[in-house]
Each structure stands twice: as C-alpha cells, then as structure tokens.
Colleague: 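Before anything else, here's the structure in question.
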Amino acid sequence: MADGSGVSGEMRVIDDAERRGRAGRWPFWRPAYAHGDPLPKLTCQVSRPTYRFDEGESLPDEYKELLIKMLRHEGERAGNKSFLGLMATCLDIAEALFPTAEAKLLKAEYLAEELKHAIMFHRIAVGLQHDFALRDVPYAHYAFHLPRETWADDAYFHFFVDLNGAFHARDWRESSYVPLAKMSATVERDELGHSEMGYHFLGEIVSDRRGRELARCLLLKWYPAALDMFGRSDSPNVPKFIHWGLKSVGNAEIRQAYKAYVDRKLVALGFEPPDERSSRHFL
C-alpha cells in the first residue's frame, strides 16, 4: 500500500508529521492492509480510448465538466465552507457523545486526516478552475443529513460513508486525470482507516445486549442510505465518465462490490444484512 511517497513536496511535510504523531490504535488502515489488499479490484469491462491529462493541460470541455462534477460531489475541499461545517459537526458529536477519552482522541486523528484531504483536493480544484476551488457546495446526499443522535449513529456514519470514499478512491487509481490518480492510494488508505474506526466503535457497542439491540435497529436506517450513496444504476452520465477514463465501472457495479464487502463485515458482527431494496431512494 502507498506510504505517501507519491504526494507532492508540501504534502510530504504533512505526511511526515502524521508518521511522528501516530500512536496506539491509529492508523486503523495499517492492520486492514497488513495481509494484502482488502478492497476488490474495479476493472473496466468495456473498450474505451486511452486518455491522460495532467494539471495545466488543456482539457476537452466535456471532460472538464465531468471532472468538476465529480469533485463537486466529493466535497472535501478547503475552500468549501460546507465541508468545514461538516467537520465542525463531527467535533460537536465527539464532544457530546464520545464514551472514552481514547475515542475522542481517535476522532481528532480522523479530523486531521480529513483536513489533509481537503488540502489535496483544494490543490486539484485550483489547478482546474479558481472560482470552483472557492465555491461552497452543500452536501446534497441525504446520508450526510441523517441525525446522529447516538454514538452508534456516529459509528455507522464512519463505517459506511467513509468506506464509500475509499471505494471511489480505489476507482481513481486508473483515472485519466493524473493528479487524481497520484493521490488516490493515499485517500483510499485513509478513508478505509476511517471506516475501520467506525467499525471498531461498532464492535465495542455490540459487546453488550443494549448496544447490540440499538445497533441492530439503527442498521435499518444507515444501510439503505449507504447503498444509495452510489447513485442511480441507470445514470446517463456514467457512460461518459467511463469513456473519458474518470471512472472504471458504473454505479451498479461499484455498489455491488461495496455491498459484498459491507455484508461480510456485518455478518462478522453477528448481524444479518438488511434487504438491499428496502427503504432505498435510488435503485
């Protein structure tokens, strides 16, 4: 797995600070990758042209429009006020709900890495379009607005939502946009670690009867939202993303790979995965 050696010079400073500051359980991605690659390969199954564009190069209009659309959906940009608001909410939740001092410290580590991502995505955005880099784009998907009223809600949020980010970053490994391909392994690694943090909290929560019943009930709330995060299976833009090399697979394919991974983790916790069509908004 990438160790950060592919990031730019200024990011190496951040990466070095990360290394010196890590202790205890952090980072959660380390044991996840200790025995090989934990995520499935996402391989394009259709014939398409080979494109390769780097920062500063002239981009075809449709390509640039799709790339900005993808990054707008991602949201992790230092110039996006809504992202900073989401991070503040995460701090508020940790302050109000954390069960132990260790849990609060782990959430602080999480925030540090998300802010690192915000810098990385900001650099890409600046290289594309200055006004986009500073544009406030509220999070549209309802998964970001589900109430997190308990520590179990917060654990599910990280387990599911951050894992979505890891899967998308995995798909960027073969991206035709060079800056995105270069940072994909680092983002994938970190986001999987954030998901593993949530899974670790879930493991603690289900260790007693009350916690297990709470987690079982809340699974019906978070599971459909997690699957819906990949969008509509028949999205008309997906073939365009694949043609230009900005995605390797469609929404249905990446969702099924994600579902298979998630279901194995839920079974390991002793839960039966819910009906994948129940309470869904996007099929």
Side-chain angles (χ1 to χ4, degrees), residues 25-29 32 38-39 75-76 83 86-100 102-111 113-114 139-169 190-231 254-282:
R25 297 183 185 277
W26 199 267
F28 278 93
W29 57 258
L39 296 184
E76 290 183 346
F83 166 76
L86 177 66
M87 293 298 100
T89 299
C90 288
L91 276 176
D92 291 340
I93 290 171
E95 184 69 33
L97 301 176
F98 76 95
T100 64
E102 182 196 42
K104 189 176 180 181
L105 181 59
L106 291 173
K107 289 299 294 285
E109 293 282 8
Y110 156 79
L111 287 166
E113 283 194 342
E114 290 290 14
Y139 285 88
H141 197 278
Y142 73 90
F144 289 95
H145 305 287
L146 289 175
R148 282 182 271 167
E149 300 169 325
T150 68
W151 190 245
D153 279 305
D154 197 57
Y156 272 129
F157 176 83
H158 291 298
F159 173 48
F160 285 129
V161 176
D162 289 309
L163 184 62
N164 175 282
F167 268 73
H168 282 300
D190 292 347
E191 294 292 4
L192 184 65
H194 302 167
S195 176
E196 286 293 301
M197 176 189 71
Y199 190 73
H200 166 72
F201 292 147
L202 282 172
E204 293 181 331
I205 290 165
V206 303
S207 63
D208 66 61
R209 185 183 59 80
R210 269 183 85 180
R212 176 170 291 276
E213 287 309 307
L214 175 62
R216 191 186 306 279
C217 291
L218 290 176
L219 180 58
L220 300 178
K221 165 184 170 181
W222 287 98
Y223 189 80
L227 297 183
D228 274 345
M229 288 194 74
F230 292 95
I254 193 170
R255 177 172 27 249
Q256 285 306 308
Y258 173 93
K259 179 183 179 301
Y261 179 94
V262 160
D263 286 356
R264 288 194 298 272
K265 302 281 281 187
L266 292 174
V267 169
L269 283 178
F271 292 147
E272 180 179 349
D275 178 358
E276 66 178 293
R277 300 182 68 86
S278 178
S279 302
R280 292 281 302 285
H281 294 197
F282 310 111

Colleague: Any chance you could lay out the salt bridge (charged side-chain N to carboxylate O under 4.0 Å, His left out) test for E109 and R25, step after step, and finish with the verdict?
Modeller: CA-CA 11 Å; E109 293 282 8; R25 297 183 185 277; over 6 Å; no
Colleague: Please list, chain by chain and in numerical order, all residues satisfying ring pair (Phe, Tyr, Trp, His ring centres under 6.0 Å) with H145, sequence neighbours excluded.
Modeller: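 Expected list: none.
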Colleague: Test side-chain contact (heavy atoms from CB on, under 4.5 Å) on L269 and Y199 and set out the steps.
Modeller: CA-CA 9 Å; L269 283 178; Y199 190 73; 3.6 Å; yes
Colleague: Quick one: pull up CD1 in I93 and CD in E149 and give me the separation to the nearest 0.5 Å.
Modeller: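 That separation rounds to 10.0 Å.
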Colleague: State, yes or no, whether a side-chain contact exists between R255 and M229 at a heavy-atom distance under 4.5 Å.
Modeller: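 They are not in side-chain contact.
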Colleague: I'd like to check H200 versus F159 (side-chain heavy atoms, cut-off strictly below 4.5 Å). Are they in contact?
Modeller: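 Sidechains of F159 and H200: no contact.
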Colleague: How are the rings of Y223 and F160 set to each other: parallel, tilted or perpendicular (split at 30° and 60°)?
Modeller: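 Taking F160 first and then Y223, their aromatic rings stand perpendicular (interplane angle over 60°).
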Colleague: Specify the closest pair of heavy atoms between S278 and P224, including all atoms of both residues, with the distance to one decimal.
Modeller: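 Heavy atoms of S278 and P224 come nearest at O-CB, 3.5 Å.
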Colleague: For E196, what residues pass the side-chain hydrogen bond (donor to acceptor under 3.5 Å, both in side chains) criterion, not counting sequence neighbours?
Modeller: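 Partners of E196 by the side-chain hydrogen bond (donor to acceptor under 3.5 Å, both in side chains) criterion, ordered by chain and then number, come out as K265.
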Colleague: Do side-chain atoms of S207 reach the backbone of E204 as a donor and acceptor pair under 3.5 angstrom?
Modeller: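 Yes: the side chain of S207 pairs with the backbone of E204.
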Colleague: Before giving the answer on side-chain contact (heavy atoms from CB on, under 4.5 Å), spell out for L97 and T150 the whole-Å C-alpha distance, their side-chain angles and the decisive distance to 0.1 Å.
Modeller: CA-CA 7 Å; L97 301 176; T150 68; 5.5 Å; no
Colleague: Output all residues satisfying ring pair (Phe, Tyr, Trp, His ring centres under 6.0 Å) with F271, sequence neighbours left out; order by chain, then residue number.
Modeller: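 For F271, no residue satisfies ring pair (Phe, Tyr, Trp, His ring centres under 6.0 Å) once neighbours in sequence are set aside.
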Colleague: I'd like to know whether E191 forms a side-chain contact (heavy atoms from CB on, under 4.5 Å) with E76, so could you lay out the CA-CA distance, the side-chain angles of the two residues, the decisive distance to 0.1 Å, and finally the verdict.
Modeller: CA-CA 12 Å; E191 294 292 4; E76 290 183 346; 3.0 Å; yes
Colleague: Check whether any side-chain N or O of Y156 sits under 3.5 Å from a backbone N or O of A215 as a donor-acceptor pair, and report yes or no.
Modeller: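 Looks like yes, one N/O pair under 3.5 Å.
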Colleague: With heavy-atom distances below 4.5 Å as the criterion, would you say the side chains of L192 and P38 are in contact?
Modeller: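 The answer is yes, as the side chains (C-beta and beyond) meet within the 4.5 Å cut-off.
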Colleague: Rounded to the nearest 0.5 Å, how far does CG of L218 lie from CD of E213?
Modeller: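 Going from the CD atom of E213 to the CG atom of L218 covers 11.0 Å.
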Colleague: Do F167 and Y261 pass the side-chain contact (heavy atoms from CB on, under 4.5 Å) test, and can you show the C-alpha distance, the side-chain angles, and the key distance before you say yes or no?
Modeller: CA-CA 10 Å; F167 268 73; Y261 179 94; 3.9 Å; yes
Colleague: Could you check if a side-chain atom of L106 sits within less than 4.5 angstrom of a side-chain atom of F28, using non-hydrogen atoms only?
Modeller: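 Heavy-atom side-chain distance check passes, below 4.5 Å.
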Colleague: A side-chain contact here means heavy atoms from C-beta on lying under 4.5 Å apart; do I254 and H168 qualify?
Modeller: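 Side chain of I254 against side chain of H168, heavy atoms only: contact under 4.5 Å found.
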Colleague: Going by an N to O cut-off under 4.0 Å, is there a salt bridge joining K104 and E95?
Modeller: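 Yes.
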Colleague: Among residues at least two apart in sequence or on other chains, which ones pass ring pair (Phe, Tyr, Trp, His ring centres under 6.0 Å) with Y110?
Modeller: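 By the ring pair (Phe, Tyr, Trp, His ring centres under 6.0 Å) rule, Y110 matches H158, H194.
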Colleague: Verify whether one side chain among T89 and D92 offers a donor that lies under 3.5 Å from an acceptor in the other.
Modeller: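 T89 vs D92: no donor-acceptor pair found between side chains.
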Colleague: What pairs with R148 under side-chain hydrogen bond (donor to acceptor under 3.5 Å, both in side chains), at least two apart in sequence or on another chain?
Modeller: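 Scan of R148 (side-chain hydrogen bond (donor to acceptor under 3.5 Å, both in side chains), adjacent residues dropped) gives D154.
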Colleague: Is the shortest heavy-atom distance from the side chain of D153 to the side chain of W222 under 4.5 Å?
Modeller: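 Counting from C-beta outward, D153 and W222 do come under 4.5 Å.
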Colleague: Say you draw a straight line from CZ of R277 to CG of L227; how long is it, rounded to the nearest 0.5 Å?
Modeller: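 With rounding to 0.5 Å, CZ (R277) is 11.5 Å from CG (L227).
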Colleague: What is the distance from atom CG of L163 to atom OG of S195, rounded to the nearest 0.5 Å?
Modeller: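 It is 4.0 Å, given to the nearest 0.5 Å.
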Colleague: Grab the two heavy atoms, one from F201 and one from A103, that are nearest each other, plus how far apart they are.
Modeller: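 For F201 and A103, the tightest heavy-atom pair comes out as CE2-CB, 4.0 Å.
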Colleague: Apply side-chain contact (heavy atoms from CB on, under 4.5 Å) to L111 and list each qualifying residue two or more places apart in sequence or on a separate chain.
Modeller: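 L111 satisfies side-chain contact (heavy atoms from CB on, under 4.5 Å) with M87, C90, L91 once adjacent residues are dropped.
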Colleague: Report yes if the side chains of V262 and P273 come closer than 4.5 Å at any heavy-atom pair, otherwise no.
Modeller: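 With C-beta onward as the side chain, the pair stays apart.
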Colleague: Between D228 (side chain) and R280 (backbone), is there a donor-acceptor pair under 3.5 Å?
Modeller: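 No; judged by distance alone, with no hydrogens or angles, the pair does not exist.
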Colleague: Does the side chain of R216 reach to within under 4.5 Å of the side chain of E272, using non-hydrogen atoms?
Modeller: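 No, their side chains stay 4.5 Å or more apart.
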Colleague: State yes or no: are the ring centers of F98 and W151 separated by less than 6.0 Å?
Modeller: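 Not close enough - the centres of the two rings lie 6.0 Å or further apart.
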Colleague: Is the ring pair F144/Y139 parallel, tilted or perpendicular, if the boundaries are 30 and 60 degrees?
Modeller: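 The rings of F144 and Y139 sit tilted, inter-plane angle from 30° to 60°.
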Colleague: With rounding to the nearest 0.5 Å, note down the distance linking CZ in R209 to CG in L214.
Modeller: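 With rounding to 0.5 Å, CZ (R209) is 12.0 Å from CG (L214).
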